[in-house]
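In what follows, chains carry the letters A, B, and so on, assigned in the order in which the sequence lines appear, proteins first and then strands, with residues in each chain numbered from 1.
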Number of protein chains: 2
Amino acid sequence: MKNQDAVTALAALAQEHRLAVFRMLVRAGPEGMSAGAISDKLSLPASSMSFHLSHLNRSGLITQRREGRSLIYAADFDRMNALLAYLVEDCCQGKPEVCAPMAEAVSRAACCTPATAKRKKERA
Amino acid sequence: MKNQDAVTALAALAQEHRLAVFRMLVRAGPEGMSAGAISDKLSLPASSMSFHLSHLNRSGLITQRREGRSLIYAADFDRMNALLAYLVEDCCQGKPEVCAPMAEAVSRAACCTPATAKRKKERA
DNA sequence: CTGACGTTTCCATAATACTGGAAACATCAA
DNA sequence: TTGATGTTTCCAGTATTATGGAAACGTCAG
């Protein structure tokens, strides 16, 4: 990922409504949601939401596909992973006590990373 | 982390020079760098850099401390971890094939997460 | 106290972004 | 073809942000 790509992606996320949309789509997973459903859920006029969705789409963080009359938006997980990786790249000059919590924080927050999945399996 | 805190942090990163500063400080680790050293390294006038450093500082992503005449800035790793966690929170409704690459991407990029450290140890 | 150094604050200019109603566009059912 | 539905584009007003030189501020050595 290039510096400019990261700036574009971060700018796309640096807005109240767009951040809310993106997080909702992260939770929704690959199936995504229609523009209308997103507008309804976040109570924003269609034209404003369209502006934000197009912004996120141009940044590469979400994808767009048509299903009948609806346009379905979904988070682009590869792109998000590339952004996260770019932010922490080569961190802290080899001090594990600084780096380690990063991966842990991500694992803990995401619902089903290997560690989380393993724990769920053991409980079952 | 609240939505507004995340927006503020992302906005702080969503600018060419500030992103470059932050990534440089992530690599520098807890010791940080002086304002002057940062300006020199990135070839930006002191007043412009000061504007950006203060922006990052207000967002909570970097800390400031004085050492003699110099002001030293350092990445706030806890804050960054909280931001990453907020972005991926409860992702993808339980599909490990979507979530797993996230933690992996972060682990691979950071220099010394447990996995990376283990690999380095095994090689030695 | 004085001078030098590192840094921030002030300021005006130029550029960019957010908002939401109305109109246009795309798709589909009948 | 017509009408209904879902979505985007257009537009103009308002607000926010980046820039860098000059001046002011805090710290220190002699």
Going 5' to 3' on DNA chain D, which nucleotide is the first and which the last to come under 4.0 Å of a heavy atom in chain A?
D:dA4 to D:dT9

So what does B:Ser34 touch, heavy atoms closer than 4.0 Å: a base, only the sugar-phosphate, or nothing?
sugar-phosphate

Examine distances only and state if a side-chain atom of B:Gln15 and a backbone atom of B:Arg18 form a donor-acceptor pair shorter than 3.5 Å.
yes

Where do B:Tyr86 and B:Asp5 land on the side chain to side chain donor-acceptor pair (under 3.5 Å) test, with the steps shown first?
CA-CA 10 Å; B:Tyr86 187 75; B:Asp5 296 330; over 6 Å; no

CA sep, side-chain torsions, deciding dist, call: A:Arg58, A:Ser54, side chain to side chain donor-acceptor pair (under 3.5 Å)
CA-CA 6 Å; A:Arg58 256 179 294 124; A:Ser54 127; 3.3 Å; yes

Look at A:Arg69 and C:dA29 and indicate whether a side-chain polar atom (N or O) is within less than 4.0 Å of OP1 or OP2.
no

Overall bend of the helix from C:dC1-D:dG30 to C:dA30-D:dT1 (five pairs an end, 10° steps) is 30°

All heavy atoms of A:Pro45 vs all of A:Ser39, minimum pair found to be O-OG, 4.5 Å

A:Gln15 vs A:Glu67, nearer the 5' end of DNA chain C by closest nucleotide:
A:Gln15

Using a cut-off of 4.0 Å on non-hydrogen atoms, how would the nucleic acid contact of B:Ala35 be classed: base, sugar-phosphate, or nothing?
sugar-phosphate

Is any side-chain nitrogen or oxygen of B:Ser70 closer than 4.0 Å to OP1 or OP2 of C:dT7?
yes

To the nearest Å, give me how far apart CD (B:Glu16) and P (C:dT16) are.
13 Å

Candidate pair B:Ile72 and B:Met33, rule side chain to side chain contact (heavy atoms under 4.5 Å, CB included), full reasoning:
CA-CA 5 Å; B:Ile72 310 290; B:Met33 297 173 66; 5.8 Å; no

Can you list, in residue-number order, the parts of residues 48-66 of chain B that come under 4.0 Å of DNA chain C, counting heavy atoms only?
B:Ser50, B:Gln64

Between A:Met1 and A:Phe77, is there shared hydrophobic-cluster membership here, with clusters defined by ILVMFWY side-chain heavy atoms closer than 4.5 Å?
yes

Shortest non-hydrogen contact between A:Leu71 and A:Gln64, atoms and distance
CD1-NE2, 3.7 Å

Using modelled atom types and a 3.5 Å cut-off, is there a donor and acceptor pairing between side-chain atoms of B:Arg66 and backbone atoms of B:Gly68?
yes

So, do A:His17 and A:Leu42 sit near enough that their side-chain heavy atoms are less than 4.5 Å apart?
no

For the residue pair B:Pro101 and B:Pro96, what are the closest heavy atoms and their distance?
CD-O, 4.1 Å

Under a single-linkage definition using a 4.5 Å side-chain heavy-atom cutoff for Ile, Leu, Val, Met, Phe, Trp and Tyr, are B:Leu56 and A:Val7 assigned to the same hydrophobic cluster?
yes

